[in-house]
Protein chains: 2
Amino acid sequence: MRKIKESSTHFANKNSLGDICPEIYAINLLSGQWTLAICCHLSNGKLRFGELKKRIPQVTERMLALQLRKMEEDQLVIRTVYPEVPPRVEYELTESGMELIPIFKQLEAWGERHKSRL
Amino acid sequence: MRKIKESSTHFANKNSLGDICPEIYAINLLSGQWTLAICCHLSNGKLRFGELKKRIPQVTERMLALQLRKMEEDQLVIRTVYPEVPPRVEYELTESGMELIPIFKQLEAWGERHKSRL
DNA sequence: CAGGATCCTACAGGATACTG
DNA sequence: CAGTATCCTGTAGGATCCTG
């Protein structure tokens, strides 16, 4: 039993909440600015870095790279590097990642309904 | 038809993505640090400000107030003020808010599964 | 009791340029 | 092609004190 409080930075709190509550943990993994967009585009199959970039034009290379790294670390995507020249790197969803798809569908439906009610 | 790009700040992007994609819109509404926690506690019925605070000890009064306001604006909670002294304010989920509960359950299940796989 | 007001900091995210 | 490196900014969130 560790203490939880004691000089909380924003994300000390974030993580401690996520530790307790699996749904908060889940949302924390997904609440990166580009995470959902990436997942959606990968839900139809693997894509290369450049293809992702083309499909999400607003994202900068830096952010795309960062997000993908984080998602790899979080076991949402698999990163495959082909040792060729020019380099080729492909991203695809993990098992866990795919299991999110039905949840996305529901969020999508909810989002549409909710939006139309405003 | 407005333009979308042109000097994007973080949340100009965020919103423009949310405009296009209902699931991103949904996640944006839910990704406040305390939003989920509040929803969960309200899913069993209405609560007063102080009760919420007691149930989520890590949150500061300021943040709780801010989040609740935002959630009210986003039509996730209803805020009822009773004109008494001392003041009493109760919060409860809206229809939309309640419709999220089953989705939370699934996120919770996913979160647990995912966590155990790390 | 249920918050406002004030002040502050860490971090997410952006712009741009460069490279194996 | 698929990134790093560097530098910078806005904003979410925290601490603390005050009040109808």
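Convention: sequence-line order gives letters A, B, ...; per-chain numbering from 1.
Checking side-chain atoms of A/Thr94 against main-chain N and O of A/Gln75 turns up a donor-acceptor pair under 3.5 Å. Between the B/Lys115 side chain and the A/Asp19 main chain, a donor and an acceptor come within less than 3.5 Å of each other.
Atom P of nucleotide D/dT16 and atom CD of B/Glu61 are separated by 13 Å, given to the nearest angstrom. The CG-P distance, from B/Leu47 to C/dC1, rounds to 16 Å in whole Å. Between A/Arg69 atom CZ and C/dG13 atom P the separation is 17 Å, expressed in whole Å. The separation between B/Glu51 atom CD and C/dC1 atom P is 11 Å, rounded to whole Å. For B/Leu66 and C/dG3, the CG to P distance is 11 Å, given to the nearest whole Å. Here the C1' atom of nucleotide C/dT9 and the CE atom of B/Met63 are 14 Å apart, to the nearest Å. As rounded to whole Å, 13 Å separates atom C1' of D/dA15 from atom NZ of B/Lys53. For the pair B/Glu90 CD and C/dG3 C1', the computed distance is 16 Å after rounding to whole Å.
For B/Arg79 and C/dG3, the shortest distance from a side-chain N or O to OP1 or OP2 is below 4.0 Å. One finds a side-chain N or O of B/Arg48 lying less than 4.0 angstrom from the OP1 or OP2 phosphate oxygen of C/dA2. In this model, the phosphate group of D/dG13 is not approached by any side-chain N or O of B/Gln58 to a distance below 4.0 Å at OP1 or OP2.
Pairing each heavy atom of A/Tyr25 with each of B/Leu118, the nearest pair is OH-CD1, 3.4 Å.
Contact of the A/Leu93 side chain with the A/Leu100 side chain is not registered, since no non-hydrogen atoms from C-beta on lie closer than 4.5 Å.
When the options B/Glu99, B/Gln106, B/Glu23 are evaluated for a side-chain hydrogen bond (donor to acceptor under 3.5 Å, both in side chains) with A/Gln106, the one that passes is B/Gln106.
B/Gln67 comes within 4.0 angstrom of the backbone, heavy atoms only, and of no base. As judged by a 4.0 angstrom heavy-atom cut-off over every strand, A/Tyr82 is placed among residues making no nucleic acid contact.
Distance from the side chain of B/Gln33 is smallest to D/dG14 among C/dG14, D/dG14, C/dA2. Closest to the side chain of B/Pro86, from the set C/dC1, D/dG14, D/dG3, is C/dC1. Listed nucleotides D/dG13, C/dG3, D/dA2 differ in distance to A/Pro87; the shortest reach to its side chain belongs to D/dA2. For A/Arg62, taking side-chain heavy atoms from C-beta onward, the closest of the listed nucleotides C/dT16, D/dG3, D/dG13 is C/dT16.
Residues B/Gly32 and A/Ala65 each lie close to DNA chain D; by heavy-atom proximity, the contact nearer the 5' end of the strand is made by A/Ala65.
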